[in-house]
Amino acid sequence: MLSAIERDSTKWNFLAQFETTLKVRKKNGDLIRPVANIHQERLDMVVKMAHSREIPCRLIALKPRQKGSSTGSVGIGHVRLKAKAARGLIAGGKHFQGANLFEILKTYVNNDDRDPKCAKPMDMEVRYNNGSIMQRITLANGDAGRSGTYQYLTITEASLLRDEGVAN
């Protein structure tokens, strides 16, 4: 159990939560406590820098394959939405890409030792106890993201959007 000081000091800290209170699912289905790699550390560094300066954080991660970029990006969103009420969005093409990231999010929510039962995962959204919502959409929908006023956004497999289509 974390003390109030420890809870407050890790409230916005993705890496601290990632390595001590969150779990990820390995390819074989096993749940493990992850150890951040250099790519995830760099994502976290930029988020911390923007947060400390109280400026919006905008990351464009040209991700290497199988280096945890999706795991890190979704984890940052999870930590952000737990820390302060906000709206988040996971978007992908018309196929499975967004669904894969949404499964990562549900794994975090269902295995969060810092904030158990902090949110309720559903088919297309996760509702956090503090009022935050993370939605999953496909960009093939003509009204994708319309009037969402999102503070967190992850778009996955952007290189495929040209072939799969973005409706609007």
Side-chain angles (χ1 to χ4, degrees), residues 7 10-26 31-34 36 39-40 42-44 46-48 50-51 54-61 63 67-158 160-161 164 166-168:
R7 286 189 61 74
T10 62
K11 180 178 182 177
W12 292 93
N13 191 326
F14 162 66
L15 277 188
Q17 290 187 42
F18 186 63
E19 294 185 335
T20 62
T21 62
L22 296 177
K23 292 188 176 112
V24 297
R25 193 168 301 283
K26 291 175 60 171
L31 285 172
I32 62 162
R33 181 91 56 218
H39 184 71
Q40 292 159 333
R42 288 177 179 159
L43 291 173
D44 183 66
V46 174
V47 171
K48 284 178 181 168
H51 187 80
E54 297 181 359
I55 59 174
C57 181
R58 294 179 178 96
L59 292 170
I60 298 174
K63 69 180 206 120
K67 295 296 180 193
S69 188
S70 297
T71 303
S73 298
V74 172
I76 289 167
H78 174 62
V79 169
R80 163 72 175 89
L81 294 181
K82 286 192 310 176
K84 183 178 179 184
R87 292 180 55 85
L89 184 67
I90 294 175
K94 65 181 175 183
H95 296 296
F96 61 88
Q97 301 93 350
N100 289 347
L101 269 63
F102 204 69
E103 286 302 315
I104 293 169
L105 176 62
K106 289 200 274 188
T107 299
Y108 286 142
V109 169
N110 291 328
N111 299 282
D112 189 326
D113 293 338
R114 182 183 187 277
D115 299 298
K117 299 183 180 177
C118 64
K120 180 180 179 186
M122 295 177 264
D123 287 341
M124 300 296 282
E125 67 183 27
V126 170
R127 292 187 174 269
Y128 289 81
N129 298 342
N130 67 357
S132 290
I133 297 173
M134 179 79 81
Q135 297 175 310
R136 174 174 68 99
I137 65 166
T138 173
L139 294 172
N141 178 327
D143 291 326
R146 177 172 253 152
S147 74
T149 317
Y150 299 102
Q151 291 81 41
Y152 169 85
L153 168 67
T154 291
I155 298 175
T156 185
E157 303 292 355
L160 300 176
L161 295 178
E164 293 186 356
V166 175
N168 187 353

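Positions are given from 1 along the sequence. In this text the structure is predicted, and so the values were computed from the model without any measurement. Both backbone and side-chain heavy atoms feed into the values below; hydrogens, waters and symmetry mates do not.
Considering every non-hydrogen atom in both Y128 and A119, the closest pair reads CD2-CB, 3.5 Å. Residues E19 and A36 approach most closely at OE2-N, 2.7 Å, considering heavy atoms. Considering every non-hydrogen atom in both L81 and N130, the closest pair reads O-ND2, 2.9 Å. Nearest heavy atom pair, residue T71 against residue F18, reads CG2-CE1, 3.8 Å. C57 and A50 get closest at one heavy-atom pair: CB-CB, 3.6 Å.
In this structure, I104 CD1 and S73 OG are separated by 9.0 Å, a value rounded to the nearest 0.5 Å. Atom OG of S69 sits about 8.0 Å away from atom CD of Q40, to the nearest 0.5 Å. Taken from CG in L31 to OG1 in T107, the straight-line distance is 6.5 Å, to the nearest 0.5 Å. To the nearest 0.5 Å, atoms CE (M124) and CD1 (I90) are separated by 10.5 Å. How far CG of N111 is from OG1 of T21: 11.0 Å, rounded to the nearest 0.5 Å. Rounded to the nearest 0.5 angstrom, L22 CG and D115 CG are separated by 9.0 Å.
Contact of the M134 side chain with the K106 side chain is not registered, since no non-hydrogen atoms from C-beta on lie closer than 4.5 Å. Looking at heavy atoms from C-beta onward, V46 lies out of side-chain contact with R42 at the 4.5 angstrom threshold. Annotation: side chain of K48 is in contact with side chain of N13 (closest heavy-atom distance under 4.5 Å). Side-chain contact between R87 and Q135: present, with at least one pair of heavy atoms (C-beta onward) separated by less than 4.5 Å. The side-chain heavy atoms of V126 and F102, taken from C-beta on, include a pair separated by under 4.5 Å.
Taking the six-membered ring where tryptophan is involved, the planes of H78 and Y108 are essentially parallel, since the angle between them stays under 30° and well short of 60°.
Judged purely by distance below 3.5 Å, without hydrogens or angles, the side chains of K84 and Q151 never pair a donor atom with an acceptor atom.
Y152 does not carry R80 over the face of its six-membered ring by the limits of under 6.0 Å from the centre and within 45° of the normal.
Exactly one residue among K23, K82, R33, K117 makes a salt bridge (charged side-chain N to carboxylate O under 4.0 Å, His left out) with D112. That residue is K82.
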